[in-house]
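Before any comments, here is the structure.
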Amino acid sequence: MANAAYIHIPFCSHICYYCDFAKVLLEGQPVDDYIDSLLEEYRSYGIKSLRTLYIGGGTPTVLTVPQMEKLLTGLTQELDLSLLEEFTVEANPSDLSDEMIAVLAKSPVNRISLGVQSFDDKLLQRIGRTHREAEVYDAIARLRTAGFENITIDLIYALPGQEMATVVSDVEKFLALDLPHIALYSLILENHTVFMNRERRGLLHLPSEDKNADMYEYIIETLVKHGYEHYEVSNFSKPGFESKHNLTYWDNAVYYGIGAGASGYLDGVRYKNYGPVHHYLEAEAGQKRVNEEVLSLKEKVEEEMFLGLRKKSGVTIESFEAKFQLDFHELYGQQVKELIGQGLLEDKPGLVQMTDKGFELGNEVFEAFLLDDLPEK
Ligand code: SF4
């Protein structure tokens, strides 16, 4: 049984220009019905114990205070809370009213993930975010007063028109806050976004690949120098503050995915729920999935490598062999040797770990672990 659950709240009060997540504009949506339906799906799994819970979006904090209260109570009332180690809620800095913070603080939620993206008001405006720098400080101060210490923020770099100077100031402003965790993502252009539309019309001026790589190098170097562990491609933490929930994904472990558009992995099946809210609402609690994929041995092995390599700790050959009953060196010995030669993997016996250069060129490394064929046993 899984001991991690992801809960999806797909509503947003505004759509950011770069976003291709499963989300919908809040206005006019049947939010109360959605929470009822989501809790029904959650209960249909008979979940009694979890190690990690994660409410993401969309924007969970666009819920009203009573809606959030109902959701938190519904998710935790049947749980053995002594086993729940990490309970994260994603929040938009401008939605965190004192009442919302009070509801979160009196619940078992113990980690807040703030979608900051940048501390530069001009950049925030340019990417379609509605909050501003001052609201970030204000939200963090009030969260701390309410007792939240485990706060993480997301930042995006390589934004249109962004220069190194704003990456430097964003990182410095993060360091000044002395938070225990940060995720930094390079902007990726996705289809069906305002940015992709602008790019096609030649109106988006993104930093070059070289500049992008310089930004990533600067980020790694600076955060590591300040005591943050670079424990995953895009994630940095003070010791002991790694995201336990996200490590479930990178450890290729099973988890429940609940809500419209949510993905889950249970019993060797990767599944995805209906995305459009009305489709999700119409489906019975046990029928919310729009597709299910039973993974072959080859796919499981490849995923183990792609996901595991995202972590600085990499993949342990002994656990790989115990999990799949396969000889690692027979499968990947040659590739590993070549990647070590190219400086993309560390040369460590018993471990497959990416170097900083490997992290930078991630896809090249991942591709090397694609298999031609692997017969089912
Ligand atoms: S980035 Fe977040 S807040 Fe913005 S539209 Fe996407 S899900 Fe909503």
Side-chain angles (χ1 to χ4, degrees), residues 6-31 34-35 38 54-64 67-68 71 88-97 100-101 104 111-136 138-140 143 151-160 162 170 174 181-199 204 206 234-235 243 245-246 249 257-263 272-277 280:
Y6 173 79
I7 312 295
H8 193 67
I9 302 297
F11 310 112
C12 291
S13 53
H14 181 87
I15 303 299
C16 306
Y17 301 159
Y18 55 88
C19 178
D20 82 326
F21 299 140
K23 42 78 182 65
V24 61
L25 262 181
L26 173 71
E27 213 183 316
Q29 290 293 325
V31 181
Y34 179 77
I35 292 171
L38 181 151
Y54 191 107
I55 306 181
T59 318
T61 47
V62 297
L63 299 182
T64 62
Q67 285 166 344
M68 180 62 88
L71 176 66
T88 307
V89 174
E90 283 181 358
N92 180 358
S94 51
D95 302 327
L96 276 174
S97 65
M100 180 61 83
I101 292 179
L104 296 171
R111 184 171 183 268
I112 302 291
S113 173
L114 277 182
V116 172
Q117 319 314 354
S118 173
F119 291 96
D120 184 291
D121 283 351
K122 275 199 204 118
L123 272 181
L124 285 170
Q125 197 170 3
R126 205 179 293 159
I127 65 177
R129 296 294 301 200
T130 50
H131 71 268
R132 294 295 172 259
E133 178 184 8
E135 286 172 291
V136 176
D138 178 53
I140 291 174
L143 283 166
I151 301 170
T152 176
I153 67 168
D154 284 356
L155 289 182
I156 309 181
Y157 64 95
L159 293 165
Q162 187 173 29
D170 273 355
F174 161 73
H181 190 280
I182 183 170
L184 286 125
Y185 303 100
S186 158
L187 178 78
I188 294 178
L189 273 189
E190 304 282 2
N191 283 326
H192 314 296
T193 59
V194 171
F195 274 175
M196 183 55 101
N197 194 346
R198 284 189 191 160
E199 171 71 0
L204 202 69
L206 292 175
S234 312
N235 283 264
S243 165
H245 182 81
N246 288 341
Y249 305 144
I258 291 158
S263 303
K272 192 167 171 58
N273 282 351
Y274 285 105
V277 170
Y280 178 81

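Bear in mind the structure is a predicted one, so any value in this text is a computation, not a measurement. Quick note: numbers below take in every heavy atom, side chains included, and nothing from hydrogens, waters or symmetry partners. Counting starts at 1 for both ligands and their atoms, in listed order.
- By the 4.5 Å heavy-atom criterion applied to side chains, Gln162 and Leu123 are counted as neighbours.
- Heavy-atom separations between Gln117 and ligand 1 are all 4.0 Å or longer.
- Within ligand 1, counting atoms from 1 as listed, the ones closer than 4.0 Å to a heavy atom of Thr59 are 3 (S), 8 (Fe).
- Taking a cut-off of under 4.0 Å to the non-hydrogen atoms of Phe21, the atoms of ligand 1 that pass are 6 (Fe), 7 (S).
- Judged purely by atom type and a 3.5 angstrom limit, His192 has no side-chain atom pairing as donor or acceptor with the backbone of Asp20.
- Put simply, Cys19 gets within reach of atom 6 (Fe) of ligand 1, with an N, O or S atom under 2.8 Å from it.
- Residue-ligand proximity, His14 to ligand 1, at heavy-atom distances under 4.0 Å covers atoms 5 (S).
- Phe195 approaches Leu187 most closely through the heavy-atom pair CD1-CD2, 4.0 Å.
- Residue contact check: Tyr18 has heavy atoms under 4.0 Å from atoms 1 (S) of ligand 1.
- Here Tyr6 and Tyr249 keep their ring centres 6.0 angstrom or further from each other.
- Ring geometry for Tyr34 versus Phe11: interplanar angle over 60°, hence perpendicular rather than tilted (30 to 60°).
- In terms of modelled atom types and a separation under 3.5 Å, the side chain of Arg129 and the main chain of Ser118 share no donor-acceptor contact.
- Proximity of Gly58 to ligand 1 is established by a heavy-atom distance of less than 4.0 Å.
- Interface atoms of ligand 1 facing Cys12, defined by a heavy-atom separation under 4.0 Å, are 3 (S), 5 (S), 7 (S), 8 (Fe).
- Of the protein's heavy atoms, Cys16 SG, 2.3 Å lies nearest to atom 4 (Fe) of ligand 1.
- With hydrogens and angles disregarded, a donor-acceptor distance shorter than 3.5 Å links the side chain of Asn273 to the backbone of Gly259.
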